[in-house]
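Reviewing the structure listed below.
A, B, ... follow the sequence lines: proteins, then strands. Residue 1 opens every chain. Everything quoted here is computed from the prediction, not taken from an experiment.
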There are 2 protein chains.
Amino acid sequence: MKPLTIGRLSRAANVKVTTIRYYETIGLMGTPDRSASGQRLYGMVDVERLSFIRHARELGFSIDAIKDLIRLQTAPDQDCSAVDSIAQQQLVEVQKRLAQLEALERELKRMIENCRGGEIDGCQVMAAINNHAECESEKHERLKPL
Amino acid sequence: MKPLTIGRLSRAANVKVTTIRYYETIGLMGTPDRSASGQRLYGMVDVERLSFIRHARELGFSIDAIKDLIRLQTAPDQDCSAVDSIAQQQLVEVQKRLAQLEALERELKRMIENCRGGEIDGCQVMAAINNHAECESEKHERLKPL
DNA sequence: ATACAGTCTACAGTCACTATAGAGGCAAGC
DNA sequence: GCTTGCCTCTATAGTGACTGTAGACTGTAT
């Protein structure tokens, strides 16, 4: 039952110390108790909450979505459908992104296969980037970072 | 042969005006001539360069990679292999990201399928996020934004 | 007593832009 | 010449989800 310092919480939930403090500033983690000298003190509840956050982040949920999930979690007798729809939405996003990346993969592969070496002047990879518009009928959306 | 203002260049290459100016500040586009009143003036060379940049961005290349590609482009009698390896590297990144997202898709689907409605207290989606560690043997890396 | 790891705050930097504010420029119609 | 209305200019701040840095204090082991 002894409280954890931020470093111990960090190891317990596998989230970096600086990230925990960041989560506090954005209101994702509550403001913890402090020791006499001002150090943050946490309990098992915090380990669980932080682990939940980490898992949700690993599943690609945005901070905002996680805030929603946590809010719903504290109202346990409500209907599950709100939770379900957040997850559904996340799946849709993941699938959109997958489709984009698959198109990219095809194009990069094609470019690279056509490259038979030689001088840059006649490089097929360069040509492919230049003629990108003609490569696939589908237009790419603005690409989010890899 | 009359020069283009930034707005015309923007429409010609399908890149936003603000983005062109941004590319100038980071040295991706050179500093253009100016009219007497200080407006930027561009030529067809700039349309081509900007289009190249846009195509490369659509293929997911980073700004730094594009800088490299442009540098190589201006040395046309060098070997093509440097270009090829930049493209190869990009393909590897795309494929890594694809694998990550496919794992995510499987997990989200499984979570959602298990959800049979009911109260949040017994919600399988919530449970799945909590028990995420046990879901798939593979560990997710830190996830980049969708 | 000293060394060293941990913790504190506050702020700047990342990436690739986007948005906003406020001022000045340019061409067409009246 | 004047007005209308879009175009362009600079400078600065914001985005998301953190990470990195500086400089000072704290806690613990030897």
Nearest whole Å is fine: how far is [N] [atom2] from [X] [atom1]?
{"X": "A:D64", "N": "D:dC18", "atom1": "CG", "atom2": "P", "answer": "12 Å"}
{"X": "A:I26", "N": "D:dT15", "atom1": "CD1", "atom2": "P", "answer": "12 Å"}
{"X": "A:L59", "N": "D:dA17", "atom1": "CG", "atom2": "C1'", "answer": "17 Å"}
{"X": "A:L4", "N": "D:dG27", "atom1": "CG", "atom2": "P", "answer": "16 Å"}
{"X": "B:R54", "N": "C:dA16", "atom1": "CZ", "atom2": "P", "answer": "17 Å"}
{"X": "B:L9", "N": "D:dT8", "atom1": "CG", "atom2": "C1'", "answer": "13 Å"}
{"X": "B:F61", "N": "C:dC17", "atom1": "CZ", "atom2": "P", "answer": "15 Å"}
{"X": "A:I6", "N": "D:dT26", "atom1": "CD1", "atom2": "P", "answer": "17 Å"}

Which residues pass the salt bridge (charged side-chain N to carboxylate O under 4.0 Å, His left out) test with [X], sequence neighbours left out?
{"X": "B:D64", "value": "none"}
{"X": "A:K109", "value": "A:E105"}
{"X": "A:R71", "value": "A:D68"}

Are A:I63 and A:R57 close enough that some pair of their side-chain heavy atoms sits under 4.5 Å apart? yes
Validation row: B:I6, B:Q39 side chains within 4.5 angstrom (heavy atoms): no
I'd like to check the side chain to side chain contact (heavy atoms under 4.5 Å, CB included) partners of A:R11; sequence neighbours left out, ordered by chain and number. A:R8
Who pairs with B:S85 by side chain to side chain contact (heavy atoms under 4.5 Å, CB included), at least two apart in sequence or on another chain? none
Near-strand residues of residues 34-43 of chain B, defined as heavy-atom separation under 4.0 angstrom from DNA chain D: B:R34, B:G38, B:Q39, B:R40
For DNA chain D, which residues in residues 15-24 of chain A have a heavy atom at a distance below 4.0 Å? A:K16, A:T19, A:Y22, A:Y23
I need the full list of side chain to side chain donor-acceptor pair (under 3.5 Å) pairs touching residues 41-50 of chain B, with sequence neighbours left out, sorted by first then second residue. none
Show me, pair by pair, the donor-acceptor contacts under 3.5 angstrom made by side chains of residues 20-34 of chain B, not counting sequence neighbours?
unit_1, atom_1, unit_2, atom_2, d
B:E24, OE1, B:R40, NE, 2.7
B:T25, OG1, B:Y22, O, 2.7
B:R34, NH1, B:G38, O, 2.8

